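See structure below.
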Number of protein chains: 2
Amino acid sequence: MDTKTICLGVLSLHDATGYEIKKQFEEGPFSYFYDAGYGSIYPALGKMLSEGLVTCVEVPQDGRPAKKVYSITDAGRDVLRDMLHVRPARDKLRSDSLVMLFFGHLLETNQRAAVFDDYLAYYRDCLDCLNRMDNSESEDDRCFVHGMGVAVYEAAIRHLEDNQQAFLDSHNAPEIKRAAGGGG
Amino acid sequence: MDTKTICLGVLSLHDATGYEIKKQFEEGPFSYFYDAGYGSIYPALGKMLSEGLVTCVEVPQDGRPAKKVYSITDAGRDVLRDMLHVRPARDKLRSDSLVMLFFGHLLETNQRAAVFDDYLAYYRDCLDCLNRMDNSESEDDRCFVHGMGVAVYEAAIRHLEDNQQAFLDSHNAPEIKRAAGGGG
DNA sequence: ATAACCATGTAAATGGTTACATGATTAG
DNA sequence: CTAATCATGTAACCATTTACATGGTTAT
């Protein structure tokens, strides 16, 4: 599943410019499970235009470069449908922050705490972002996926909050850890 | 954070072959937040060998190609430490399955149910895999990250289980949805 | 027989990020 | 004045995936 497919998906919901599609990945319902930068969106749009999967209307604007509003075509809808019929790849998560926390013993105390705090703040932002979204107009599909993101972010935040003190303490006083632990 | 860094991380815990490193990404504690194939692991190991970050001992075996057991060097530990001091990139999740469920209305009823079932089964496998792991020898760092994976997978599974019926029903009978909903 | 596991590696192709290039408007 | 937002696009670089290449052992 590449940038082309996901752009086609966004356009199947409503017309959009490349700029607006990016915002969907940043602040919209896609933010939980997909991301793409301008460097992949614009070329994808251009390619699909040449393939007849989308059309484009240039809307001149005062003082700004013309907006290019893309719309999906019937051929585009067919291709999107086909793309949704291939076996999905497994989910792929890559988390540099978790790598760092995993090797937390190699960091200084304050560095480790900073990484932890930033990570927690980051997840809170993600959750806020999902919660800010107006879901009242959404189909059930979208509500379900949105709810999945909320559930996962909440679980992550809860784990971070519940274990923050223990995680940071354990590095500072390893002897105490052994003495305090019941064992078994 | 690239394959080199994460391989170095694995080797900082214990010596390993490329094959064994891959297994760590598949079934080990890294499975939640990192993945890499042979196509990136072997070249990374070769490059690090030439840079003096790791050493390699060839262990001949009966009937099989010689095992190459890699060990991290002091220079390797320094580089790893440095790599852990750059600002971490944001987490990146890519989920084809959620894209499919998001556009579930474009799939046939049985296809949609199949994607859903496979996704739930996949998450259960992931959770089982983490739970099978022996964590008793692990440091607190590792336990914390392991616990994060468990918490997130459990939340995802709960959401999938709790909403499966409603998700599938909503597509089959959209009129009923409207009639049943209290609104507001 | 067949599949899965052990074990390594390369080359081509794909895909994505980052830096570059441009430039007006609006809010602080 | 500065930063952010709106708005598009290319080129170079980087990283990863996939297919290819090899081949014995063990379990079903």
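Here is the naming used below: chain letters follow the sequence lines, and residue numbers restart at 1 for every chain. Since we're looking at a predicted model, the values are computed, not measured.
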**Q.** Pair A:Y122 and A:Y153, ring centroids less than 6.0 Å apart
**A.**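 Judged by ring-centre distance (under 6.0 Å), A:Y122 and A:Y153 do not meet the cut-off.
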
Q | Aromatic ring proximity A:F33/B:F102, centre distance under 6.0 Å | A |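 Ring centres of B:F102 and A:F33 closer than 6.0 Å.
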
Q. Can A:K68 and A:E20 be counted as an ion pair, charged N to O under 4.0 angstrom?
A. no

Pairs of donor and acceptor atoms involving the side chains of residues 44-58 of chain A, under 3.5 Å and at least two apart or interchain, shall be tabulated with distances.
from: A:S50; atom 1: OG; to: A:K47; atom 2: O; distance (Å): 2.7
from: A:E51; atom 1: OE1; to: A:K4; atom 2: NZ; distance (Å): 3.3
from: A:E51; atom 1: OE2; to: A:K4; atom 2: NZ; distance (Å): 3.4

Q. Near DNA chain D, under 4.0 Å by heavy atom, which residues of residues 4-35 of chain B?
A.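 Heavy-atom cutoff 4.0 Å gives B:Y34.
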
Look for any protein N or O under 3.5 Å of an N or O in nucleotides 9-14 of chain C and output each such pair with its distance, or none.
from: C:dG9; atom 1: OP1; to: B:K68; atom 2: NZ; distance (Å): 2.2

Protein-nucleotide distance ([X], atom [atom1]; [N], atom [atom2]), rounded to Å:
X     : N      : atom1 : atom2 : result
B:E58 : C:dA7  : CD    : C1'   : 12 Å
A:Q61 : D:dT8  : CD    : C1'   : 11 Å
A:I41 : D:dT8  : CD1   : C1'   : 12 Å
B:R87 : C:dT18 : CZ    : P     : 13 Å

Q. Do the side chains of A:D141 and B:L101 get nearer than 4.5 Å, heavy atoms only?
A. no

Q) End-to-end bend of the helix from C:dA1-D:dT28 to C:dG28-D:dC1 (five-pair axes, 10° rounding)? A)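 What I find for the helix from C:dA1-D:dT28 to C:dG28-D:dC1 is an axis angle of 60°.
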
Q. Do A:L106 and B:V145 belong to the same hydrophobic cluster, where Ile, Leu, Val, Met, Phe, Trp and Tyr are linked whenever their side-chain heavy atoms lie under 4.5 Å apart, directly or via other members?
A. yes

(Q) Run B:H14 and B:Q24 through side chain to side chain contact (heavy atoms under 4.5 Å, CB included) and show every step you take. (A) CA-CA 12 Å; B:H14 43 69; B:Q24 297 265 315; 3.9 Å; yes

At under 4.0 Å, does any side-chain N or O of [X] touch on OP1 or OP2 of [N]?
X     : N      : answer
A:S40 : C:dT17 : yes
A:R94 : D:dT16 : yes
B:K92 : C:dG16 : no

**Q.** salt bridge (Lys or Arg N to Asp or Glu O under 4.0 Å) contacts touching residues 82-107 of chain A (sequence neighbours left out)
**A.**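 Qualifying pairs, neighbours excluded: A:K92-B:D35.
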
Q | Atom CG of A:N110: over 12 foreign heavy atoms under 6.0 Å | A |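 Yes - once you tally the heavy atoms of other residues, nucleotides and ligands closer than 6.0 Å, there are more than 12.
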
(Q) Is it the case that the side chains of A:Q164 and A:H159 hold a donor-acceptor pair, with the cut-off being a distance below 3.5 Å and no angle test? (A) no

Q) Which of the following nucleotides, D:dA7, C:dT17, C:dT8, is nearest to the side chain of B:K67? A)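 The listed nucleotide nearest to B:K67's side chain is C:dT8.
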
Q. Which other residues end up in the same hydrophobic cluster as A:V86, if Ile, Leu, Val, Met, Phe, Trp and Tyr are linked when side-chain heavy atoms come under 4.5 Å apart?
A. none

